[in-house]
Every structure is written in structure tokens, then in C-alpha cells.
Amino acid sequence: MDSLTQIVLGAAVAEAVAGRKMGAKAALLGAIGGTIPDLDVFLRFFYDPLDAALVHRGFSHSLLFALLAGTLLTFVSDKLTKQRYAKRMWFLLWFLSIVTHPLLDIFTNYGTQFFWPFSWRLTFNSVFVIDPLYTIPFIFLLIGALFMKRESKRRRIWNWSGIIYSSVYLLWGVVIKLIVYSNTTSYFEQADIHPKRTMVTPMPLTSFYWDLIVEDDSNYYVGYKSLFAPFDPKDIEVIPKNHELLQNINWEGNSRIEEIEYITNGFYAVDSRSDSLFIYDLRFGTTAAITNGKIKTPLFGYGFTTKGQKIETLFSHRARDFSKIDFKVYWDKVFGE
């Protein structure tokens, strides 16, 4: 999830653990703890984009890291405060504010290696990385709680209401996804498409509108489903796989295809433009729905510059022309209008 949401979650958890003893300082420390796992983003300066994608949300987003960091920060905090607070409280504050970060990220499309050093990347893919309906009520309840006296029962009620609301919202996303997923094959069969594999992921900023991606041997098919309207087969986009373009590459050293398939969970398309190959990570969807069809390129991926059939450089690719975004039409689609 986005940094603000992780700060709010970490602060709320720490407030629940130590707010009565520490006051607002607990929430501040929890906010710091909630940001610690994402410090791994600075490692991208030492890796190429594919390796950076493999490292991100790895060790720093694991249960082991939360235990080690929580123990270290407990020791430091206990020394700095001259044993003013119980070590158990310190550990719970740091451990829970850190471990809830990767637990929340498991609900996004990228997931985490929560059980590092095992390579399993856990993901429910049921909430978009920025979802105002998750974050805004949570912020409101947390800030309201922090303005109350630390001994106040209402302060605890408001803070716990935020934690419970956020948890229920995550559960809602999983349930809705399962319902949409269970009907996806029948949706595409309306267009005489018979999927071999299916992925369902939330659209930007909402859990009311879903991106449905299915595949056959040659193509991916992208459709959209609002909770407030029936599936429309006329909205289906066709994206050629073109995986064979990677097979013809002369890799220096080991092939990177296995890494690409692991990172994208096998949902990637390849496109050739002049002296470059683009690998689109379809888990992040395309720009068609948010631009009202003015742009239809995938949102995120990787690129190789080539000379002949030889790789020269590797770079990350993001859709950057946000001037074509049409929020009015997009929200109409979200609510089935």
C-alpha cells in the first residue's frame, strides 16, 4: 500500500499497544515502524530493474525481519528511555507496527515474501495500492482518537474502530474478488473466449470496479466488471502475448525469462518497437479504462534496448501520459453508469 496508509496503520497499532502509557508518542513511533520495511526501495540503486523487483518486498517484508527489527528496536528503546516502560510493551509496539506493513501489502497485487527466506510471494490481490475508501476513514478515526485524553475510553474506541474498519474492508475485498473470480469464465464465454487461466485484480482507487484478465495460447483478454452493472463483452481488449520475441534474444549470461515469469506471475506481454523490447506486467492493468480508451498501453513493465538480437540495456517502463485520464468517465464506469 502507499506510504500514508502504512503510516496510519503503524500509528494505530502502536496507539492500541501503548497509547495509554505513552500518549501520542506511541502513534509517532508506530508511524516510523510502519515505514521501515519500505526502506528497501533504496536498494534499487544497486540493482537493475528486474533484480530490484525481486528484492523489493523480500527480506524487509518478512516475519523474520519484523522479529529481528522488533527485538533490536526494543533493546535500543529500553536503553534510551532508561527502562521507563516494560520491554514487552516496547516489543509489541515495534513488532506489530512493522509486521502489519507486509501483512497489509499481501492484499495488494505485488504481495510479499512474508516467509522469507522461502521464495513464496503471498498475495490476495484484492485491494489497489491506493484506496481512499480504506485510508480516509482510518485516518479520520485515528486523528480523532489522538485529540482525546490518553486515559479516555472514547480514545480507545475510536482507534479500535479504525483498526476494525480497515480489517473488515480488507475482508470485503477478498470476498468480492472471489465472487467476481468465480464468474469470470462465464463472462468471457459470452464473447466465445474460453480462458485457460484467469487473474482478477482491483482497478485504481476502488474495490467496486475490477480488472479481469484471461488468456489462451496466443492472447490475453482484458475485461472490466463493476459491482453495479453487468459485464459488457464489448469492452474486452485483446493483447497479443508475443512471448516468442523473448525466445529469440541473445542473452548475456543466463536468460532472464524465468525472472520475468516469476515477477509477473506469468501475466506479461511483449512488444517490439524499433530497437527496444517492452515487457508489460499485466497485473497492473492497462490505461484504457482510466483514459476512456484514448490510451490502451499497460501501466507498468520493463524494457530492453537491443542491437540485433543482443540485449544492451535494461530499464523500467511506466505509463506517464496522465493528461489523458478522464476521471468523470472512469467514475461513471466504476458505478456502472
Side-chain angles (χ1 to χ4, degrees), residues 48-51 53-54 109-111 121 123 125 177 180-181 183-204 210-225 231-251 254-291 293-320:
D48 69 41
L50 282 177
D51 287 334
L54 292 169
N109 62 3
Y110 199 75
R121 192 172 287 271
T123 174
N125 198 2
K177 173 181 175 168
V180 174
Y181 183 87
N183 290 289
T184 298
T185 297
S186 63
Y187 291 151
F188 282 89
E189 286 178 344
Q190 297 174 33
D192 200 29
I193 297 169
H194 304 282
K196 289 193 169 183
R197 199 162 62 118
T198 300
M199 178 175 65
V200 174
T201 186
M203 289 291 287
W210 293 79
D211 186 12
L212 286 55
I213 303 176
V214 302
E215 67 171 327
D216 60 19
D217 291 332
S218 303
N219 301 302
Y220 295 104
Y221 303 89
V222 181
Y224 304 94
K225 179 67 176 74
F231 181 81
D232 189 348
K234 295 194 297 293
D235 290 337
I236 294 175
E237 306 165 39
V238 182
I239 302 176
K241 288 184 174 180
N242 294 329
H243 289 180
E244 68 279 0
L245 294 175
L246 287 182
Q247 304 293 338
N248 300 327
I249 290 296
N250 179 18
W251 302 93
N254 296 327
S255 167
R256 310 297 297 272
I257 296 176
E258 186 175 338
E259 295 171 55
I260 292 167
E261 291 180 343
Y262 175 78
I263 292 168
T264 63
N265 197 27
F267 283 93
Y268 68 96
V270 186
D271 187 23
S272 177
R273 300 185 206 165
S274 61
D275 62 347
S276 297
L277 278 182
F278 291 86
I279 295 91
Y280 297 118
D281 189 340
L282 297 181
R283 295 172 306 153
F284 294 92
T286 73
T287 54
I290 60 176
T291 64
K294 295 173 186 174
I295 306 175
K296 294 186 177 181
T297 56
L299 279 167
F300 181 77
Y302 307 92
F304 299 96
T305 58
T306 59
K307 189 173 184 179
Q309 294 297 326
K310 185 177 180 181
I311 296 292
E312 292 208 322
T313 57
L314 169 61
F315 57 91
S316 61
H317 166 78
R318 287 178 173 84
R320 301 184 184 278

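Applying the salt bridge (Lys or Arg N to Asp or Glu O under 4.0 Å) rule to Asp217 yields the partners Lys196; only residues at least two apart in sequence or on another chain are considered. Looking at residues two or more places apart in sequence or on another chain, you find no salt bridge (Lys or Arg N to Asp or Glu O under 4.0 Å) involving Lys177. The salt bridge (Lys or Arg N to Asp or Glu O under 4.0 Å) test applied to Asp235 returns no partner, not counting sequence neighbours. Residues passing the ring-ring contact (aromatic ring centres under 6.0 Å, His included) test with Phe300 are Phe284, Tyr302, sequence neighbours excluded. Residues satisfying the ring-ring contact (aromatic ring centres under 6.0 Å, His included) criterion with Phe231, sequence neighbours excluded, are Tyr187, Phe188. Qualifying ring-ring contact (aromatic ring centres under 6.0 Å, His included) partners for Phe304, counting only residues two or more places apart in sequence or in other chains: Trp251. The side-chain contact (heavy atoms from CB on, under 4.5 Å) search around Glu261 returns Ile257, Tyr268, not counting sequence neighbours. Asn125 is linked by a side chain to side chain donor-acceptor pair (under 3.5 Å) to Thr201, counting only residues two or more places apart in sequence or in another chain. For Asn219, the side-chain contact (heavy atoms from CB on, under 4.5 Å) criterion is met by Asp216, Tyr221, Val238, Pro240, not counting sequence neighbours. Among residues two or more places apart in sequence or in another chain, the side chain to side chain donor-acceptor pair (under 3.5 Å) test is passed with Tyr224 by Glu237, Thr286. Here Arg121 pairs with nothing under the salt bridge (Lys or Arg N to Asp or Glu O under 4.0 Å) rule; sequence neighbours left out.
In terms of heavy atoms, Val222 sits closest to Ile213 at CG2-CG1, 4.2 Å. What you find for Tyr220 and Lys241 is that their closest heavy atoms are CE1-CG, 3.4 Å. Contact detail for Ile263 and Ala53: the closest heavy-atom pair is CD1-CB, 3.9 Å. Ala289 and Met203 make their closest contact through CB-CE, 3.5 Å (heavy atoms, listed as atom of the first residue, atom of the second, distance). When every heavy atom of Thr123 is checked against every heavy atom of Gly111, the shortest pair comes out as CB-CA, 3.7 Å.
When Thr313, Leu277, Leu314 are each tested for a side-chain contact (heavy atoms from CB on, under 4.5 Å) with Thr305, only one passes: Thr313.
Shown here is Glu258, whose CD atom has no more than 12 heavy atoms of other residues, nucleotides or ligands within 6.0 Å.
Side-chain contact between Ile249 and Arg256 is absent, with no heavy atoms from C-beta onward closer than 4.5 Å. Contact annotation: the side chain of Ile260 approaches that of Leu50 to within less than 4.5 Å [non-hydrogen atoms, C-beta and beyond]. You'll find the side chain of Glu259 reaches within 4.5 Å of the side chain of Asp51, heavy atoms only.
Between the OG atom in Ser218 and the CD1 atom in Ile239 there is a gap of 14.0 Å [rounded to 0.5 Å]. Interatomic distance, CD1 of Ile193 versus CD1 of Ile236, reported as 4.0 Å (0.5 Å rounding). Taken from CE in Met199 to CG in Asn109, the straight-line distance is 8.0 Å, to the nearest 0.5 Å. In this structure, Glu215 CD and Thr198 OG1 are separated by 8.5 Å, a value rounded to the nearest 0.5 Å. A distance of 13.0 Å separates OG1 of Thr185 from CZ of Arg197, quoted to the nearest 0.5 Å. From Leu54, atom CG reaches atom CG of Asp48 across 8.5 Å, with rounding to the nearest 0.5 Å.
Judged purely by atom type and a 3.5 angstrom limit, Asp232 uses its side chain to pair as donor or acceptor with the backbone of Lys234.
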request  = Start with the C-alpha gap between Phe278 and Phe315, add the side-chain angles, then the distance that decides, and say whether side-chain contact (heavy atoms from CB on, under 4.5 Å) holds.
outcome  = CA-CA 9 Å; Phe278 291 86; Phe315 57 91; 3.8 Å; yes
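Note on residues 263-285: pairs passing salt bridge (Lys or Arg N to Asp or Glu O under 4.0 Å), not counting sequence neighbours, are Asp271-Arg273, Asp281-Arg283.
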